[in-house]
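Every chain is numbered from 1 and lettered A, B, ... according to where its sequence line falls, protein lines coming before strand lines. As a basis for the values below, the full set of heavy atoms in this structure was taken, side chains included, without hydrogen atoms, waters or symmetry mates.
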Protein chains: 2
Amino acid sequence: MDRRIRKSREAIIGAFIQLIGEKNFEQITINEIAERANVSRGTVYLHYTDKYDLLDQCIRTHFVQLIDSCLPCGEQALFPTAESLRYTFRYLDDHASFYAAALANQGVPAFRNRLQAVLLRGFDKQVDMSGINRGMEKGILVQFLAVAMTGMIEQLVTRATTYSAAELAEQVWALMERNQMVPQVQPTP
Amino acid sequence: MDRRIRKSREAIIGAFIQLIGEKNFEQITINEIAERANVSRGTVYLHYTDKYDLLDQCIRTHFVQLIDSCLPCGEQALFPTAESLRYTFRYLDDHASFYAAALANQGVPAFRNRLQAVLLRGFDKQVDMSGINRGMEKGILVQFLAVAMTGMIEQLVTRATTYSAAELAEQVWALMERNQMVPQVQPTP
DNA sequence: CTGATTGTGTGCAATACTGAACGGATTCTG
DNA sequence: CAGAATCCGTTCAGTATTGCACACAATCAG
């Protein structure tokens, strides 16, 4: 891709994320975004039809990154590991400014639901791949986990917890094991 | 000026100053500069004939800034004040990375001399404006001060002293008074 | 209400940037 | 030494960006 396109998009997205962290999405203007990105206003319209499109693409990009962060081990592992979970939480920690702003009360409407939906699809696929229901109603289990995980993420990115990303990852990993979402450790007889 | 030109120049200068701080000027390549600036190699040649021109323009810009920093009080003051001197040292402190790199042993050849020359011209003008020689050979006094000030600047920007920019400014101001380079304070009789 | 201000989305010609190519110089590397 | 690799400085056609213009909508202050 042309270097100019990359630079412009990065600048625009960066400015947008900054602004999201500073004020309500509705009162962000294209002028502000262009100014902050040090880019002509026309350039913004060249890449995005309006600020809703910009928001949408921004969210999509982050969700792709998030999903990607769940299996970074060269595709060799089909299931998350303690290691990959640490990596995911590390990613969330690094991008906390965006996720926190989007999740905030007056942040991006329905963002929490979209995040939850992404997590739900992830868990759903995971259960399908494992093949075993293990005595639980699948829909309930998956819903349960998606909601819980969304909450954990919110705690992390809004700095509402004193636990570090690594500590949180460790705790959540234990919960995943307890809920039989990952290959079980054999209890020593 | 076209926004693209501003952005490109800033990126190139920024990359160049970074590199100056990392390695010998001679072994810096145009490729590196372009890469670091996230700019096409051709763009560098669009603004600078070669790296020597880039260096030259970079030095010129900094010297203009430096001179500018000496009288920031809206041109109302003809002579430096304790306040303006603090401002100047603050400026040097903020741009220490460049000045230190340029002054370094294997930094920019003859940079120290050019800096000294700038300071010399400044002091010379200052003595002329004051109109009074006060019993000193002007050339000697000015030379003396320019050399001394260059040394002070080097101390500051290379972090060779534990004194802060403000402390240094205060001390140097006292020396300026002692050498009758500024309007004298009346000794209380 | 009215005029002023600010934002939106679109269109346009001018232009700065890009990437690729090239020949030639210099420097590694075996 | 020979060949590979890197850098230089230039050219060029294609493209993204710019700044300005416009008409229109929304918001706001008097």
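Taking atom CE of residue Met1(A) and atom C1' of nucleotide dT15(D), one finds them 14 Å apart after rounding to whole Å. Between the CZ atom of Arg9(A) and the P atom of dC17(C) there is a distance of 20 Å, given to the nearest Å. In this structure, Gln27(B) atom CD and dC7(D) atom P are separated by 12 Å, rounded to whole Å. Look at CG on Leu46(B): it is 9 Å from P on dT18(C), rounded to the nearest Å. If you take CZ of Arg41(A) and C1' of dC12(C), they are 14 Å apart, rounded to a whole angstrom. The separation between Glu26(B) atom CD and dC8(D) atom P is 11 Å, rounded to whole Å. When rounded to the nearest whole Å, the span between OH of Tyr45(B) and C1' of dA20(C) equals 15 Å. With rounding to whole Å, Ile5(B) atom CD1 is found 5 Å from dA16(C) atom P.
The side chain of His47(A) places an N or O atom within less than 4.0 Å of a non-bridging phosphate oxygen (OP1 or OP2) of dT17(D). Remark: Lys7(B) is in phosphate contact with dT18(D), judged by side-chain N or O atoms under 4.0 Å from OP1 or OP2. The side chain of Thr43(B) contributes an N or O atom lying less than 4.0 Å from OP1 or OP2 of dT18(C).
For Tyr91(B), the OH atom is densely surrounded, since the number of other residues' heavy atoms within 6.0 Å is greater than 12.
For Phe16(B) and Tyr48(B), the ring centers are positioned 6.0 Å apart or more. Outside the 6.0 Å centre-distance limit, the rings of Phe123(B) and Phe144(B) are not counted as a close aromatic pair.
Comparing Arg6(A) and Ile28(A) along DNA chain C, the residue whose closest nucleotide (by nearest heavy atom) sits nearer the 5' end is Ile28(A). Nearer the 5' end of DNA chain D, as judged by each residue's closest nucleotide, is the contact made by Asn31(B), out of Asn31(B) and Gly42(B).
At the heavy-atom level, Thr29(B) lies under 4.0 Å from the strands shown only through sugar-phosphate atoms. Residue contacts for Thr49(B): at a heavy-atom cut-off of 4.0 Å it reaches no nucleic acid atom on any strand shown. Within 4.0 Å of Arg4(B), counting heavy atoms only, lies at least one base atom of the nucleic acid.
Among the nucleotides dC8(D), dG9(C), dG19(D), the one closest to the side chain of Arg3(B) is dG19(D). For Ile30(A), the side-chain atoms get nearest to dG9(C) when compared with the rest of dG19(C), dG9(C), dT18(D).
Between Phe98(B) and His62(B), the ring planes lie parallel to each other; the angle is under 30°, not in the 30° to 60° tilted range.
With respect to Arg114(A) and Asp56(A), a salt bridge is recorded, a charged nitrogen being found less than 4.0 Å from a carboxylate O.
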